[in-house]
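Residue numbers start at 1 and run along the sequence shown. One-based numbering, in listed order, for ligands and for the atoms of each.
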Amino acid sequence: MSKTELRKRQAQFTRELHGDDIGKKTGLSALMSKNNSAQKEAVQKYLRNWDGKTDKDAEERRLEDYNEATHSYYNVVTDFYEYGWGSSFHFSRFYKGESFAASIARHEHYLAYKAGIQKDDLVLDVGCGVGGPAREIARFTGCNVIGLNNNDYQIAKAKYYAKKYNLSDQMDFVKGDFMHMDFEENTFDKVYAIEATCHAPKLEGVYSEIYKVLKPGGTFAVYEWVMTDKYDENNPEHRKIAYEIELGDGIPKMFHVDVARKALKNCGFEVLVSEDLADNDDEIPWYYPLTGEWKYVQNLANLATFFRTSYLGRQFTTAMVTVMEKLGLAPEGSKEVTAALENAAVGLVAGGRSKLFTPMMLFVAKKPEEPETSSSTSKEETQ
Ligand SMILES: CC(C)=CCC[C@@H](C)[C@H]1CC[C@H]2C3=C(CC[C@]12C)[C@@]1(C)CC[C@H](O)C[C@@H]1CC3
Ligand SMILES: C[S@@+](CC[C@H](N)C(=O)[O-])C[C@H]1O[C@@H](n2cnc3c(N)ncnc32)[C@H](O)[C@@H]1O
């Protein structure tokens, strides 16, 4: 199927699944207005690749199907994410006394600061979700942002929110696969990606596209999801944690941190910062909202969020969605989605506690002023 045909089909499917009036409804009320048979199809398309098999063939299938699989994954989880987490789909570090929203925003500001984003810069947000970080970074720095996303539903939502919050002049959102970008070479002053490029079947693929569209001398900053140095792919316990994360988060393959670092270098980037922000012995761990450890709750106003993200809250949501599905109020397959998200939560907490996994491997990388030609770059073996 050609790129144009795939785009048309995915856009048409989104209209069938979510209707034309995207934006006004969020979370569970948006879930309730989804089309039943389209939802069933989306759940099936997402889960067909995660059938419990971890052999090379199964992995190959997941890598090949990355575009449709992630498109379907976000078609079915976006409403749950907004209901449980908000409109920035990423983790953050927590400090004592800090609210959940402040912590999420600070994590975004920090990336903007490390990327050196200035007023009037043209910035690309790779895998922009519903635009939570783009709105915050545009307000924080005064830059102009283009959000790239392969999910039509999220793009429609991001556009709706930009208009609602009077930010449309500073931002736009476009449909596209980050493995094959349509932008002109040397277009953007800065590029950032927050917990999105882990959906790539090959990190060198997405990083080389970023390198191409970045102006010479421009900076790319990313919070990458990777398995850490402690991870051993041949250890079944470790592999189980990585598989749970892949299954529950729609990721074809979780890569080791070295793979990411080498991929950046192989694309021609000069790596300026390479730091796991989760490896700071923070008093409050990044994954705590998913553990249900109430002792960490910093702010009474955040109680609703912490209930929804905690183990107890997740069981409550699953039970509620099961009943809603039986009564025909929620579309078929919604219960399966909550089960997959439960896997995500369990895998992420296990990965976080054991430090086998981090969602905040910070890389800041520069495209040289005079980029090397690809033939003059010596490449290291990655994936
Ligand atoms: C998938 C990637 C690369 C990043 C997303 C990171 C997080 C924002 C999500 C990872 C697991 C998600 C879960 C929820 C919200 C968003 C995440 C934390 C829920 C709390 C949403 C409400 C459901 O009832 C339970 C979910 C558990 C997992
Ligand atoms: C976990 S969300 C993070 C969203 C956003 N960065 C944020 O922090 O709110 C991952 C995002 O990557 C996008 N994505 C995944 N695969 C993609 C691809 N091949 N091309 C473009 N976007 C993709 C998803 O649609 C989703 O918006």
**Student:** Given Phe89, Trp85, Tyr81, identify the one with the heavy atom nearest to atom 9 (C) of ligand 1.
**Tutor:** Tyr81
**Student:** Looking only at protein heavy atoms, which one is nearest to atom 4 (C) of ligand 1, and what is the separation?
**Tutor:** Trp225 CZ2, 3.2 Å
**Student:** Any Lys/Arg nitrogen of Asp121 or Lys215 sitting under 4.0 Å from an Asp/Glu carboxylate oxygen of the other?
**Tutor:** no
**Student:** Give a yes or no on whether the ring-centroid distance for Phe178 and His199 is below 6.0 angstrom.
**Tutor:** no
**Student:** Can you confirm whether something in the protein, heavy atoms only, sits under 4.0 Å from atom 2 (C) of ligand 1?
**Tutor:** yes
**Student:** Does Phe306 have its ring centroid less than 6.0 Å away from the ring centroid of Tyr296?
**Tutor:** no
**Student:** Using a strict cut-off of less than 4.0 Å between a Lys/Arg side-chain nitrogen and an Asp/Glu carboxylate oxygen, indicate whether Lys56 and Glu60 qualify as a salt bridge.
**Tutor:** no
**Student:** Check for me whether Lys45 meets the cation-pi criterion with Phe13, that is, NZ or CZ under 6.0 Å from the six-membered ring centre and within 45 degrees of the ring axis.
**Tutor:** yes
**Student:** Check ligand 1 against Phe80 and write out every atom of the ligand that is under 4.0 Å from a heavy-atom position of the residue.
**Tutor:** 21 (C), 22 (C)
**Student:** What is the minimum heavy-atom distance between Gly333 and Val43, and which atoms define it?
**Tutor:** O-CG2, 3.8 Å
**Student:** Only heavy atoms of Tyr74, strictly under 4.0 Å: list the atoms of ligand 1 that pass.
**Tutor:** 1 (C), 2 (C)
**Student:** Would you mind listing which atoms of ligand 1 come within a distance below 4.0 Å of any non-hydrogen atom of His90?
**Tutor:** 8 (C)
**Student:** Atom CG of Asn235 and atom CZ of Arg239: how far apart are they, to the nearest 0.5 Å?
**Tutor:** 11.5 Å
**Student:** Heavy atoms only, cut-off 4.0 Å: how does Glu195 contact ligand 1, side chain, backbone, both, or neither?
**Tutor:** both
**Student:** Show the protein residues that qualify under the rule heavy atom under 4.0 Å from an atom of ligand 2, listing them in chain and number order.
**Tutor:** Tyr66, Thr70, Tyr74, Ser88, Phe89, His90, Gly127, Cys128, Gly129, Pro133, Asn149, Asn150, Asn151, Gln154, Gly176, Asp177, Phe178, Ile194, Glu195, Ala196, His199
**Student:** Under 4.0 Å from atom 14 (C) of ligand 1, do we find at least one protein heavy atom?
**Tutor:** no
**Student:** Centres of the Trp225 and Phe357 rings: under 6.0 Å?
**Tutor:** yes
**Student:** Could you tell me which atoms of ligand 1, counted from 1 in the order shown, lie closer than 4.0 angstrom to a heavy atom of Leu348?
**Tutor:** 10 (C), 11 (C)
**Student:** Please tell me whether Phe188 and Phe183 form a close aromatic pair, meaning their ring centres lie under 6.0 Å apart.
**Tutor:** yes
**Student:** Check ligand 1 against Asp249 and write out every atom of the ligand that is under 4.0 Å from a heavy-atom position of the residue.
**Tutor:** 1 (C), 10 (C), 11 (C)
**Student:** Output the list of atoms in ligand 1 that are nearer than 4.0 Å to some heavy atom of Cys198, sorted by atom number.
**Tutor:** 3 (C)
**Student:** Can we call the ring centroids of Trp85 and Phe100 under 6.0 Å apart?
**Tutor:** yes
**Student:** As an exercise, identify every atom of ligand 1 less than 4.0 angstrom from a heavy atom of Arg314.
**Tutor:** 25 (C), 27 (C)
**Student:** Restricting to ring pair (Phe, Tyr, Trp, His ring centres under 6.0 Å), what partner residues turn up for Phe269, sequence neighbours left out?
**Tutor:** Tyr211, Phe220
